[in-house]
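The chains referred to below are lettered A, B, ... by the order of the sequence lines, with proteins before strands, and numbering in each begins at 1.
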Amino acid sequence: MAIELKKLNMAYGSTVALKDFDLHVDDGEFVAILGPSGGGKSTALRIIAGLVLQDSGDVIINGEVMNNIHPSERNVAMVFQNQALYPHMTVYNNIALNLRMKGIPKQEIDRKVREVANIVGITSILDRKPKEISGGQAQRVGLARAMIRDPVVYLMDEPLTGLDAKFRDEMREELIKFHRITKKSIIYVTHDQIEAMSMADRIVVLNNGIKIQEGSPRDLYDNPEHVFVATFLGSPAMNTFRFRKSTEDPKLFILDSTTEVSPFGLEFADKTLPDELTVGIRPNDFILSDDGEIKVVLQSLEFLGSVIQMRVKLGDSELIITVSRESRTKTDIYDLKPESPLRFSVSSERFYIFGPDDRRLKNPIIKVHPPEAIMKKTQGK
Amino acid sequence: MMFGNDKRGKLFRKEKGVKKKDVYDMLLSIGPAKKVVIYFLSILLVIIYMLPFYWMFLKMFRSSIFAHFPPDLNPFSLTSLGNFIVNFRDVISFGSFPLWYFNSVFVAVLVVSGSVAVGSAAGYAFARLHFKGRDLLFYAVLATLMIPFPVISIASYIFMLDLGWISTYQGLILPEIVSGLNVFIFRQYFMTIPVDVENAAKLDGLNPFQIFYRISAPMARPAFAAATIYTFIGTWNNFLWPLMEVHSQNLFTLPLVLNFFKGVNGTQIYWNEMMTVVFLTLIPTLVIYILFERYFVEGFTLSGVKG
């Protein structure tokens, strides 16, 4: 195991950055730590590097406890946001500095610098200063500077932030290649779920210093255990609705923002359910159908190529729905105007039900009824 | 080769400080009426600032100390150069003029290098190191900027008296090395340097002292330029402290020398020689300014200090 973190705790004054954070990273594994800014992920990376000293807990690298070891002797390399190259040194010297500090002979340094420069494709700019190269080249210099140390693990702190969107896509591909060539472990910190989903073998979701969930990208997407994970992964984000238990019928839940009873036609068979629930539905799990049980009012419609993204109103809540361009209704989808009524259905396994603590409920038994049936039931009382 | 060669990617670097280009762009975006006013005021300012120089040239190219009537306002005439050479010869053979010139240079060089060395190290410490009472100490340093020198001049004099440093080089130099302004300029500049650059250096195996002089200090060139110019001009022109501290002619600096030329009891002023000394005094300031000019504005705008 390349890296192991045991019960890391870290606080800046009264702000908790990490709480009992455990992490293990296998040799050659690409792990992304994903979370919003201020979630503690950057702190975790800096603790591994030794730039920040944890309040408690252990950092174990290659089986050795590294808590009191200087950053330069931990055998890790870091790639920083905006690269943090030394602006007054040439690219060559930026890469070579580490080996110089170790007192390695000149010819050896020269050979190694040229070797890594060749791998990342920056041989032609070795004599330039950082301000004379492009952002993408700076990115590669940052990688080369990390690579020359031949570390156990690469620590990457949002290295693609600050690049423009199109170029970010290309750099993602290159980082995947980089990982394949070096075969080293990478811990990649990001707030961008697309970066994490597209590159990582495993994602650790961190919020307010607490690990919420970890797993493969697909696992996190399909089986989010927490509202936070459910809404953080996937774009556009999952729609969530808060429901409270009907005072009249414990099987019924009422959407918070409306007086309408269960607009999804949901009925929970399990009577032990808590009084409040959060129901999540991914935008692409709505199926446009003329006899669907979910009645909404269209607000706006955006054509995004292969899909059409709609903003619709359900009671007082707004939600986002994406449908494929092949979807059909009575009226042609392109003829829909704002304020048009629409109906959707969602199959029962596509509902994500979370309890009041935002944790996913284990097998809440749900049935989906046509809403009319439910309305009748309540009106009948 | 693993990656293709790509020149498209751009990093959004935040531009820091004011560049000459920005000023030009700003001027270009101003309407014609405003422009006339701005140019008029600028030209007026230039004239006001240049008048003393004009007068200096007028006088240093004359042979006589007396005024003519009608006054001759053209500084350059056939006899100008000859007059200047005579004045120059008279000045450098006056008293121990070469020694006094050397004193000024010697004191200025030591004060500038000492003050910049102390200021940059202290500024770096205030910007980057964490220690108890740091901010309080920094405010104390800032507070010293608000005290004018005459207020502490007598205390400083007594201090030098106790040390037995009256009329010595060290008495002339050491009190001037401590500069709150330099500490402030450097601290503000170092705070603009991204911490991650220093973190990268730490990972590369540099110790804090190596990080300071191999990474951070070279990145702070504008601050060094600003501090050098500012300190040099201050020391070079300093009159009050050398006047109090120096009792022997052997330690005179140029501002004290200028004082000679105002004549005994102010009866006779040797304008032509005085202005020749002024001219000779100006040269190093101009050289320093030209050498560091391109960093100067940036250094001061970044530290938020106006010169």
In Å, rounded to the nearest 0.5 Å, how long is the span from [atom1] of [X] to [atom2] of [Y]?
X: A:M78; Y: B:D204; atom1: CE; atom2: CG; value: 12.5 Å
X: A:L51; Y: B:L203; atom1: CG; atom2: CG; value: 5.0 Å
X: A:L85; Y: B:D196; atom1: CG; atom2: CG; value: 11.0 Å

Check each atom of [X] against the heavy atoms of chain B and say whether the ones under 4.5 Å are side chain, backbone, both or neither.
X: A:R74; result: neither
X: A:R168; result: neither
X: A:R145; result: side chain

Within a reach of under 6.0 Å around [atom1] of [X], are more than 12 heavy atoms found that belong to other residues, nucleotides or ligands?
X: B:D135; atom1: CG; value: yes
X: B:Y49; atom1: OH; value: no
X: B:Y39; atom1: OH; value: no
X: B:F53; atom1: CZ; value: no

**Asked** Is A:H88 reaching over with its side chain to a backbone N or O of B:R214, donor-acceptor style, under 3.5 angstrom?
**Response** yes
**Prompt:** Do B:I215 and A:L97 pass the side chain to side chain contact (heavy atoms under 4.5 Å, CB included) test, and can you show the C-alpha distance, the side-chain angles, and the key distance before you say yes or no?
**Reply:** CA-CA 11 Å; B:I215 307 292; A:L97 184 66; 4.2 Å; yes
Using distance only, find each side-chain donor-acceptor pair of residues 110-118 of chain B under 3.5 Å and give its atom names and separation, not counting sequence neighbours.
unit_1	atom_1	unit_2	atom_2	d
B:S113	OG	B:V109	O	2.5
B:S113	OG	B:L110	O	3.4
B:S115	OG	B:I177	O	3.2
B:S115	OG	B:N182	ND2	2.6

**Message:** Between A:H70, A:M89, A:K102, who has the most heavy-atom pairs with chain B when the cutoff is under 4.5 Å?
**Reply:** A:H70
**Asked** In terms of heavy-atom pairs under 4.5 Å with chain B, which of A:P87, A:G50, A:A146 leads?
**Response** A:P87
**Request:** Would you mind checking which part of B:E198 comes under 4.5 Å of any heavy atom in chain A, side chain (CB onward), backbone (N, CA, C, O), both or neither?
**Result:** neither
**Item:** Nearest non-hydrogen partners of A:A84 and B:A200, listed with the distance
**Value:** O-CB, 4.0 Å
